[in-house]
K.L.:
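First the structure, which I've put down as structure tokens, then a few questions once you've had a look.
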Protein chains: 2
Amino acid sequence: MPRKPGAPLRYREIADGLRRRIEEGEFPPGARLPTERALVNEYTASPGTVRAALGALRDEGLVESRVGSGWYVRSWRPIVRNALKRLSADQWGEGNSIWGVDIDDRELVADGVQIEHLPAGPEIVQVLGLSESDLVWRRSRRYLVDGVPVLRSASYIPDDLAHGTRITQVDTGPGGVYARLAEAGFKPMRFREDLRCRMPSASEMDDLQLAGSTPVVELVRYAYDATGRVVEVNRMILDASRYLLRYDFPS
Amino acid sequence: MPRKPGAPLRYREIADGLRRRIEEGEFPPGARLPTERALVNEYTASPGTVRAALGALRDEGLVESRVGSGWYVRSWRPIVRNALKRLSADQWGEGNSIWGVDIDDRELVADGVQIEHLPAGPEIVQVLGLSESDLVWRRSRRYLVDGVPVLRSASYIPDDLAHGTRITQVDTGPGGVYARLAEAGFKPMRFREDLRCRMPSASEMDDLQLAGSTPVVELVRYAYDATGRVVEVNRMILDASRYLLRYDFPS
DNA sequence: TAGTGGTCTAGACCACTAA
DNA sequence: TAGTGGTCTAGACCACTAA
């Protein structure tokens with residue numbers, strides 16, 4: 001049956017109905033929705049239309065699907081990433097958010113570091129002020145919270161800065177990469193963070209086990225030493241549905 | 001015809017093919033792709049499958065559809081939003097980005113301010129330290145670049161701070177809301193910005209005329225005076241596909 | 001007015017889940 | 001092994017665009 005002219009969109013009607021039922025508590029966080037086939041009967045619509053409605057709710061971050069199991073109501077409990085921890089700790093405290101976030105007691109766990117010594121891509125080469133033939137060290141790792149992958153990080157350091165330091169090893173020692181750079185005379189004095197938000201590629205979806213239609217944040221951090229040289233570039237991909245990004249700064 | 005077991009996903013094959021053709025320059029930025037019906041013939045697939053492929057490319061920000069006209073290759077030219085302009089101007093300069101952004105000469109134009117005097121919602125009330133019955137001033141406006149809406153901003157100021165000042169008028173005078181707050185003895189001394197990234201609601205899609213499946217950034221800025229009181233909350237919705245958000249800070 | 005993307009129907013088979 | 005979401009077929013009519 002074709003659409004009646006002027007009629008409200010069928011899939012939106014179904015999405016609105018389900019959203020209301022979720023908000024009213026008929027389906028609390030974690031609950032399973034009726035199966036697609038059951039919704040087809042209940043709302044007298046075709047499978048594709050019901051899927052479109054569920055897809056709209058997924059886009060809003062309200063529900064997620066698990067293959068072979070069903071559609072579930074999602075609970076959003078964000079990880080608060082505070083880019084300027086030191087500054088905020090003494091001056092701001094932890095309160096004040098319209099999203100009512102609380103102190104985060106969950107642990108961020110890395111699941112293995114990959115260290116590579118390779119020529120960098122053209123973008124990385126350019127911001128590090130290197131030439132195409134120069135080698136860089138790439139330190140890549142994935143982070144998980146409660147066993148769920150939330151973040152992929154890849155750090156790039158020019159060879160002439162990392163050479164002969166523990167930056168080239170799995171365990172970089174106390175203070176990590178930045179402490180080693182400081183010892184080598186390239187202490188990071190300031191940082192820049194550039195953020196983009198977009199839909200993930202297929203490989204990013206696999207890597208972070210993203211539920212369909214979850215956006216990612218692409219966050220690139222540049223570390224500058226006292227001379228203004230970029231001594232490290234860190235490119236991160238975050239599961240946007242799990243993060244609240246926080247920046248505190250003076251007027 | 002059903003799927004062959006183990007076969008690569010048909011819609012991904014088509015998406016990969018089109019992506020390669022775009023990257024190789026067969027379809028340059030701004031170009032129109034073949035129609036859906038033409039692609040159905042060319043790739044011998046059904047309409048739904050071709051749409052799924054185009055949808056995947058749209059999710060990556062590579063193409064966008066215009067009703068009644070066709071699918072077009074998108075050109076991404078980000079607006080660089082630097083949260084700490086003063087700091088960055090003297091110390092960082094404008095270079096250094098893996099996205100090769102350049103100085104932005106396009107103008108950000110507001111298309112009308114709505115000023116309302118109303119009781120705020122529970123989240124706003126809480127962060128402003130008010131009670132449910134208190135009134136606030138809400139200043140809402142939309143911003144456009146080259147005629148394209150990119151940002152919706154809604155600023156909330158407690159009545160006892162705005163009362164009797166030009167904050168309650170369309171033209172707030174030189175220095176804007178923050179200058180008026182300073183004159184009233186509530187000068188903003190520091191700021192917090194909280195960012196979330198998610199898919200837009202239906203009304204946000206309309207308001208910002210978002211191409212399907214473009215995420216938004218929900219950015220909330222809190223302004224604190226010297227006593228630590230929140231004197232203003234500004235909730236912004238950004239078209240994520242058009243923005244690069246930049247934060248500079250010391251080590 | 002011819003052509004376009006948007007929505008919708010009514011099915012089918014697949015890999016996967018959970019008991 | 002019964003049931004689930006994921007993908008796919010092969011059509012249809014609609015509002016809208018652009019000439």
Side-chain angles (χ1 to χ4, degrees), chain A residues 1-16 18 27 30-59 62-74 202 205-206 209-214, chain B residues 1-16 18 27 30-59 62-74 202 205-206 209-214:
Chain A
M1 198 170 21
R3 280 186 61 212
K4 240 190 264 180
L9 293 184
R10 193 79 191 91
Y11 81 94
R12 281 204 182 170
E13 287 183 315
I14 299 172
D16 291 344
L18 289 172
F27 307 115
R32 206 185 72 159
L33 298 183
T35 69
E36 294 185 3
R37 287 155 182 81
L39 292 171
V40 161
N41 288 327
E42 188 178 348
Y43 286 97
T44 327
S46 75
T49 306
V50 165
R51 280 190 69 75
L54 290 165
L57 295 180
R58 181 182 56 189
D59 284 355
L62 213 59
V63 301
E64 69 184 4
S65 64
R66 295 176 207 156
V67 203
S69 176
W71 287 87
Y72 293 83
V73 180
R74 212 168 153 164
M205 285 188 65
D206 290 346
Q209 293 167 32
L210 297 172
S213 144
T214 306
Chain B
M1 194 168 26
R3 282 186 61 212
K4 238 191 268 183
L9 294 183
R10 194 80 191 91
Y11 82 94
R12 281 203 182 170
E13 287 184 315
I14 299 172
D16 291 344
L18 288 171
F27 307 116
R32 205 186 71 160
L33 298 184
T35 69
E36 295 185 2
R37 287 155 180 80
L39 292 170
V40 161
N41 288 328
E42 189 178 348
Y43 286 99
T44 327
S46 75
T49 307
V50 164
R51 282 190 67 76
L54 291 164
L57 296 180
R58 181 183 55 190
D59 284 354
L62 213 59
V63 301
E64 68 183 7
S65 63
R66 294 176 208 157
V67 203
S69 176
W71 287 86
Y72 292 82
V73 180
R74 212 169 155 164
M205 286 189 64
D206 290 347
Q209 292 166 30
L210 297 173
S213 145
T214 306

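A, B, ... follow the sequence lines: proteins, then strands. Residue 1 opens every chain. Basis for what follows: all heavy atoms, side chains included, without hydrogens, waters or symmetry-related copies.
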K.L.:
Do B:R32 side-chain atoms and B:S69 backbone N/O form a donor-acceptor pair below 3.5 Å?
P.N.:
yes
K.L.:
If every non-hydrogen atom of A:E36 is compared with every non-hydrogen atom of A:V50, which pair is closest and at what distance?
P.N.:
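For A:E36 versus A:V50, the nearest heavy atoms are O-CG1, 4.0 Å.
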K.L.:
What is the separation between atom CZ on A:R51 and atom P on C:dA10, rounded to the nearest whole Å?
P.N.:
18 Å
K.L.:
Could you check which of D:dT7, D:dA10, C:dG5 has an atom nearest any side-chain atom of B:E36?
P.N.:
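For the B:E36 side chain, the nearest candidate turns out to be C:dG5.
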K.L.:
What's the CD-C1' distance between B:E64 and C:dT4, to the nearest Å?
P.N.:
15 Å
K.L.:
So, taking the atom named CG in A:L57 and the one named CZ in A:R74, what distance separates them when rounded to the nearest 0.5 Å?
P.N.:
12.5 Å
K.L.:
Could you tell me whether the phosphate oxygens of D:dG5, OP1 or OP2, come under 4.0 Å of any side-chain nitrogen or oxygen in A:R66?
P.N.:
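It does not, given that no N or O in the side chain of A:R66 lies less than 4.0 Å from OP1 or OP2 of D:dG5.
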K.L.:
Taking the side chain of A:T35 as its heavy atoms from C-beta onward, which of C:dG6, D:dC8, D:dT4 lies nearest to it?
P.N.:
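My answer, after comparing the listed nucleotides, is D:dT4.
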K.L.:
Quick one: A:N41 CG to D:dG3 P, roughly how many Å, whole number?
P.N.:
14 Å
K.L.:
From the list C:dG11, C:dT9, D:dT9, which nucleotide is the closest neighbour of the side chain of A:T49?
P.N.:
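Closest nucleotide among those given: C:dT9.
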K.L.:
Rounded to whole Å, how long is the line connecting atom OH of A:Y43 with atom P of C:dT7?
P.N.:
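Going from OH in A:Y43 over to P in C:dT7 covers 19 Å.
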K.L.:
Nearest 0.5 Å, please: how far is CD1 in A:I14 from CD in A:E42?
P.N.:
9.5 Å
K.L.:
Please give the nucleotide sitting opposite D:dA18 as a Watson-Crick or G-U wobble pair, both distances under 3.5 Å, or none.
P.N.:
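By the stated definition (distances under 3.5 Å), C:dT1 pairs with D:dA18.
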K.L.:
Expressed as a whole number of angstroms, how long is the span from B:L9:CG to D:dG5:C1'?
P.N.:
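From B:L9 CG to D:dG5 C1': 14 Å.
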K.L.:
When you measure from the side chain of A:P47, which nucleotide among C:dG11, C:dT7, C:dG6 comes out closest?
P.N.:
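The answer is C:dG11, which lies nearest to the side chain.
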K.L.:
Just how far, in rounded Å, is C1' of C:dC14 from CZ of B:R10?
P.N.:
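Between C1' of C:dC14 and CZ of B:R10: 17 Å.
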K.L.:
Can you tell me the base-pairing partner of D:dG11? Count Watson-Crick or G-U wobble geometry only, both distances below 3.5 Å, and say none if there is no partner.
P.N.:
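When the pairing criteria are applied, C:dC8 turns out to be the nucleotide that pairs with D:dG11.
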K.L.:
Specify the separation, in whole Å, of atom CG of B:L39 and atom C1' of D:dA10.
P.N.:
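Answer to the nearest Å: 17 Å.
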K.L.:
Of the listed nucleotides (D:dT9, D:dT7, D:dT17), which one gets closest to any side-chain atom of B:S46?
P.N.:
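The closest nucleotide is D:dT9.
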K.L.:
So, for B:Y72 and B:G30, which heavy atoms are closest and what is the spacing to 0.1 Å?
P.N.:
CD2-O, 3.5 Å
K.L.:
Can you measure A:W71 atom CH2 to C:dT17 atom P for me and round it to whole angstrom units?
P.N.:
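Atom-to-atom, A:W71 to C:dT17, this comes out as 16 Å.
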K.L.:
C:dC8 phosphate, OP1 or OP2: any side-chain N/O from A:Y11 under 4.0 angstrom?
P.N.:
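A:Y11 to C:dC8 OP1/OP2: no side-chain N or O under 4.0 Å.
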K.L.:
Please work out if A:R37 contacts a base, only the sugar-phosphate, or nothing of the nucleic acid, heavy-atom cut-off 4.0 Å.
P.N.:
base
K.L.:
Ignoring backbone atoms, establish whether B:S69 has a side-chain N or O less than 4.0 Å from OP1 or OP2 of C:dT4.
P.N.:
no
K.L.:
Could you check which of D:dC8, C:dG5, D:dG5 has an atom nearest any side-chain atom of A:V67?
P.N.:
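The answer is D:dG5.
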